[in-house]
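Structure, as structure tokens:
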Amino acid sequence: MQIDILTIFPDMFDGPFSHSIIKRAKEKGIITINLHNIRDYTTDKHHSVDDYPYGGGAGMVMMIEPVCRLIENLKAKTSYDEIIYMSPDGELLGQKLANRLSLLKNMIILCGHYKGIDERIREHLVTMEISIGDYVLSGGELAAAVLTDTIVRIIPGAMGDEASALSDSYQDDLISPPVYTRPYDFNGWKAPDVLLSGNEKEINKWRNEKSIERTKQRRPRLLDD
Ligand code: ADE
């Protein structure tokens with residue numbers, strides 16, 4: 001999978017993309033992430049990427065020209081499955097959407113800033129808009145990093161243990177059961193005996209019961225769906 005991220009702060013991705021599963025997926029060649037600085041596609045001497053909103057009002061608006069120039073440049077080389085704009089009013093990111101996006105061959109992720117981006121970018125260039133939650137971040141970069149992580153970790157081969165992605169919370173509309181490791185007894189806080197019993201059938205039964213119990217308590221709407 002090829003992911004092209006369009007941003008005015010490419011350095012913000014250094015941390016999230018150089019550790020753990022994303023780092024390994026890049027090293028294994030499972031994904032290629034290209035970071036593009038929108039500012040490199042400006043033509044004026046100040047390298048402006050934003051301007052005052054027509055009609056007045058607070059905040060600046062990200063301009064169409066540099067973003068369009070960059071997207072056209074990329075589209076000349078690659079045919080993209082989706083051009084995604086990270087926005088607080090986009091479709092809410094959930095596991096099902098992440099699963100669907102993990103099957104794509106390539107995508108552009110556009111990070112906005114300031115008061116927003118010129119609406120014509122959304123109308124004519126973007127193919128889908130995604131939000132990571134009903135709150136407003138300072139920009140789309142953190143949201144793009146979250147989206148990339150949820151997608152990459154479920155691409156076959158990205159995780160060491162294939163079964164582990166399938167048993168994630170939300171994958172089967174259930175919250176994962178609690179997990180324990182050594183020591184068995186920590187200051188009198190004991191791990192459940194059934195997990196040490198070696199009886200696979202009983203262990204699976206216990207895990208399933210705990211999953212349903214947790215889902216009822218924490219995300220009851222998943223059981224309604
Ligand atoms: N940009 C700013 N806030 C955002 C959010 N909640 N989700 C996606 N992109 C955003």
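Look at Lys205 and Glu209 and you find a salt bridge, because one of the NZ, NE, NH1 or NH2 atoms lies within 4.0 Å of a carboxylate O, short of that distance. For Asp4 and Lys75, the salt-bridge test fails: no basic side-chain N is under 4.0 Å from an acidic carboxylate O. Salt bridge Lys216/Glu213: absent, no basic N to carboxylate O contact under 4.0 Å.
A donor-acceptor pair under 3.5 Å is absent between the side-chain atoms of Arg214 and the main chain of Ile175, judged by distance alone. Although no hydrogens or angles enter the test, the distance criterion places no donor-acceptor pair under 3.5 Å between the side chain of Ser48 and the main chain of Asp50. A donor-acceptor pair is defined here as one N or O able to donate and one able to accept, closer than 3.5 Å; such a pair exists between the side chain of Arg39 and the backbone of His47. At least one donor-acceptor pair under 3.5 Å links the side chain of Asp81 to the backbone N or O of Asn106. Ser131 places no side-chain N or O within 3.5 Å of a backbone atom of Leu92 that could act as its donor or acceptor partner. Proximity of a side-chain donor or acceptor of Lys105 to a complementary backbone N or O of Ser79 within less than 3.5 Å is not detected.
For the atom pair His19 NE2 and Arg24 CZ, the distance stands at 13.0 Å (nearest 0.5 Å). The CD1 atom of Ile3 sits 10.0 Å away from the CG atom of Leu35 when rounded to the nearest 0.5 Å. The line from CD1 of Ile130 to CG of Leu97 is 4.5 Å long, rounded to the nearest 0.5 Å.
A pairwise comparison of heavy atoms in Met1 and Leu101 identifies CE-O, 3.4 Å as the closest pair.
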Kindly indicate, with the supporting measurements, whether the criterion side chain to side chain contact (heavy atoms under 4.5 Å, CB included) is fulfilled by Tyr114 and Ile8. CA-CA 11 Å; Tyr114 315 107; Ile8 54 169; 3.4 Å; yes
Might you work through the side-chain hydrogen bond (donor to acceptor under 3.5 Å, both in side chains) test for Glu82 and Thr127, ending with a clear yes or no? CA-CA 6 Å; Glu82 295 286 0; Thr127 60; 2.7 Å; yes
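Evaluated for a side chain to side chain donor-acceptor pair (under 3.5 Å) with Asp173, the options Gln95, Lys96, Arg221 yield exactly one hit, Lys96. Test Ile5, Ile83, Thr78, Leu70 against Ile108 for side chain to side chain contact (heavy atoms under 4.5 Å, CB included) and you get one pass: Ile83.
The environment of CD in Gln217 is crowded: more than 12 heavy-atom neighbours from other residues, nucleotides or ligands sit within 6.0 Å. Surrounding OH of Tyr180 are more than 12 heavy atoms belonging to other residues, nucleotides or ligands, all under 6.0 Å away.
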